[in-house]
Amino acid sequence: MSEKKKRETFSSGFAVFFATLGSAVGLGNIWKVPYLTGAKGGGAFLLIYVLCVALVGIPIMVCEFYIGRKSRKNAVGAFEELKAAKGWKSIGFIGVVSAFLIMFFYSCVAGWVYSYVFKAIKGDFVGVTSATSSAKFASTLVGPMPPLIWQFIVLIVVSIILIAGVKNGIERITKTLMPVLFILILICDITALTLPGASQGLKFLFHVDFSQINGSVILTALGLSFFKLSLGMGIMITYGSYFTQNNNMIATSVRVALSDSLVSILAGIAIFPAVFSFGMKPSEGAGLLFKTIPLVFSKMPFGNILLVAFFLLTAIAATTAMISNVQVPVAYFTEEKGMGKKTAVLLTTGIMMSIGILATLSADSSSVLGNIHILGQKGFFESFDYLSSNILLPVGGLLTAIFIGYFVKREDFKLELSNQGTLNNASIINVLYVFIKFITPILLIIVFLNSIGIIKL
Ligand code: PFF
């Protein structure tokens, strides 16, 4: 039997959906979308973000699923299996570099979340006010030792899960816990909406002021859509390689993108009313979630217990997202460099820890390395984020769209996406194909040319 036939697949469409969502839903929804929406102008940013998800994110996700399921290989081996020229492997390579850059800062923020679970258990947020909440966050990041220790714990947890091979068990747990997180966010929404002045928060989140839209807003929203849906780094190629042969991959992409965006918007509805009600600024930056959420929970019955649950579930969501990320370099080291799994995991997380220190020590201007700038005005933390989300992931996505649009036979693509003609979706595939061949790459190129100053949006 060939290796291709032996490869196991997810047990059902339900399993496919939750596994993919496990990679997409994470700190992006609860921490990054709200904080960037706050910093980049509210409703206008959110609108551009949603458009990026629809016009760029969904088509790229379908391309990645196609490459994965057709080849039944990971991102590194898939292009070879599809008989593509050697150069296409660079998508896998971009993925490996992006995985590292993302984890340098993601593990730091996950560390803050882990530490908040324990702070909430200790009762640190009982009777919290906006001043004490902000002070708590400031002390969480300044360190230098506590945030480094938390980041270290995060990476150890991820390593243990990967080495012990209990990833599948974790995915099963996620399936149950993800709906619980969703319900908790809904409870936060209801509480937040009853706060005095809540409507100002809603107006900020949903009112579109077109004058706020500029090139930097569009580039950030585009980068965020890649980061959010874990695109441009080969993760969805690997997931696609485990899909069942009868999975409707277009429907899966749309469902994942919709569910993921819904979680982000609901997180925004929990956070922005609190921002205005407690006299904070939407542009608080990376601390927005941490400063506002304890205040929202303090207004609920059983608020402290629910706050513990909220941070615990967020920590779990962040951990499953990180597991999918770390697997990219691990697959590269084991499959291309012949390393054993344990060595590959330890090497990967070891590098993430060593350089991740720079992110943690530069997370705030008052941090030890807070005043060192490497990319223009950006410190290490922001630079790792900018380089991965705004440059490498969209470049990986652009190459993926070009590969499918210009180097894969249209007939092959149609056959695979219609499950060998068994799905009645020819017109949807045709529309999607126009996006992949023309609209998505052109949009990506325009945003890039704008970001390097060649054209002005
Ligand atoms: N999609 C995750 C989130 O929004 O939190 C972040 C992420 C995970 C990005 C895995 C990239 C990745 F490979």
Side-chain angles (χ1 to χ4, degrees), residues 18-37 49 52-53 57 60-61 64 68 74-76 91-113 154-155 158 161-162 167 170-171 174 178 181 185 220-240 253 256-257 259-268 286 289 313-332 348-349 352 384-397 400:
F18 273 105
T20 317
L21 208 59
S23 172
V25 172
L27 296 174
N29 310 67
I30 295 160
W31 164 72
K32 201 173 186 194
V33 174
Y35 119 64
L36 287 177
T37 304
Y49 168 67
C52 289
V53 168
I60 301 284
M61 197 188 289
E64 294 200 11
N74 67 76
V76 192
I91 296 179
F93 187 67
I94 290 176
V96 174
V97 178
S98 311
F100 278 111
L101 285 168
I102 289 174
M103 280 297 286
F104 295 154
F105 68 92
Y106 203 92
S107 56
C108 159
V109 181
W112 302 342
V113 173
V154 165
L155 288 165
V158 170
I161 293 172
L162 284 170
K167 190 173 81 53
I170 299 288
E171 272 162 13
T174 322
M178 193 109 64
L181 176 62
I185 297 176
T220 308
L222 179 77
L224 182 61
S225 66
F226 277 86
F227 176 88
K228 266 303 325 104
L229 299 173
S230 309
L231 296 175
M233 50 187 293
I235 287 187
M236 293 303 168
I237 296 182
T238 312
Y239 278 68
S253 306
V256 169
S259 317
D260 181 72
S261 305
L262 181 66
V263 176
S264 303
I265 292 171
L266 290 175
L289 161 78
L313 292 165
T314 305
I316 294 172
T319 306
T320 54
M322 287 186 285
I323 288 168
S324 71
N325 173 307
V326 172
Q327 276 174 293
V328 176
V330 168
Y332 174 76
T348 304
T349 51
M352 288 168 174
F384 295 147
D385 185 4
Y386 183 87
L387 279 177
S388 51
S389 291
N390 293 12
I391 315 260
L392 289 182
L393 299 185
V395 168
T400 307

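Start at 1 with the first residue, then count along the sequence. Values in this document were obtained by computation on a predicted structure and should not be read as measured data. All ligand and atom numbering here is 1-based and tracks the order in the structure.
- Atom CD of Gln327 sits about 6.0 Å away from atom OH of Tyr239, to the nearest 0.5 Å.
- Atom OH of Tyr386 is separated from atom CG of Leu392 by 11.5 Å, given to the nearest 0.5 angstrom.
- At the shortest separation from atom 3 (C) of ligand 1 among protein heavy atoms lies Ala24 O, 3.2 Å.
- Residues Glu64 and Met233 approach most closely at OE2-N, 4.1 Å, considering heavy atoms.
- Each of the atoms 5 (O) of ligand 1 lies under 4.0 Å from some heavy atom of Leu27.
- Closest to atom 9 (C) of ligand 1, if we only count protein heavy atoms, is Phe227 O, 3.3 Å.
- When all heavy atoms of Met103 and Val326 are compared, the closest pair comes out as CE-CG2, 3.9 Å.
- A distance of 6.0 Å or more separates the ring centres of Phe105 and Phe384.
- Using a 4.0 Å cut-off to heavy atoms of Ser324, the atoms of ligand 1 that qualify are 10 (C).
- A donor-acceptor pair under 3.5 Å links the side-chain atoms of Asn29 to the main chain of Gly26, judged by distance alone.
- Atom numbering of ligand 1 starts at 1 in the shown order; those under 4.0 Å from a heavy atom of Ser23 are 1 (N), 2 (C), 8 (C).
- Applying the 4.0 Å criterion to heavy atoms of Met233 picks out, from ligand 1, the atoms 11 (C), 12 (C), 13 (F).
- Below 4.0 Å from some heavy atom of Ala321 lie the following atoms of ligand 1, by number and element: 8 (C), 10 (C).
- Among all non-hydrogen protein atoms, the one lying nearest atom 4 (O) of ligand 1 is Lys228 NZ, 2.5 Å.
- Ranking protein heavy atoms by distance to atom 5 (O) of ligand 1, first place goes to Tyr106 OH, 2.5 Å.
- Contact atoms of ligand 1 toward Ile102: 11 (C) (distance under 4.0 Å to a heavy atom of the residue).
- The nearest heavy-atom contact from the protein to atom 12 (C) of ligand 1 is Ile235 CD1, 3.5 Å.
- If you number the atoms of ligand 1 from 1 as listed, the ones under 4.0 Å from a heavy atom of Gly28 come out as 3 (C), 4 (O), 5 (O).
- Between the side chain of Thr320 and the main chain of Gly22, a donor-acceptor pair closer than 3.5 Å is present.
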request  = In sequence, state the C-alpha distance, the side-chain angles, and the governing distance for Val158 and Met352, and then conclude on side-chain contact (heavy atoms from CB on, under 4.5 Å).
outcome  = CA-CA 11 Å; Val158 170; Met352 288 168 174; over 6 Å; no

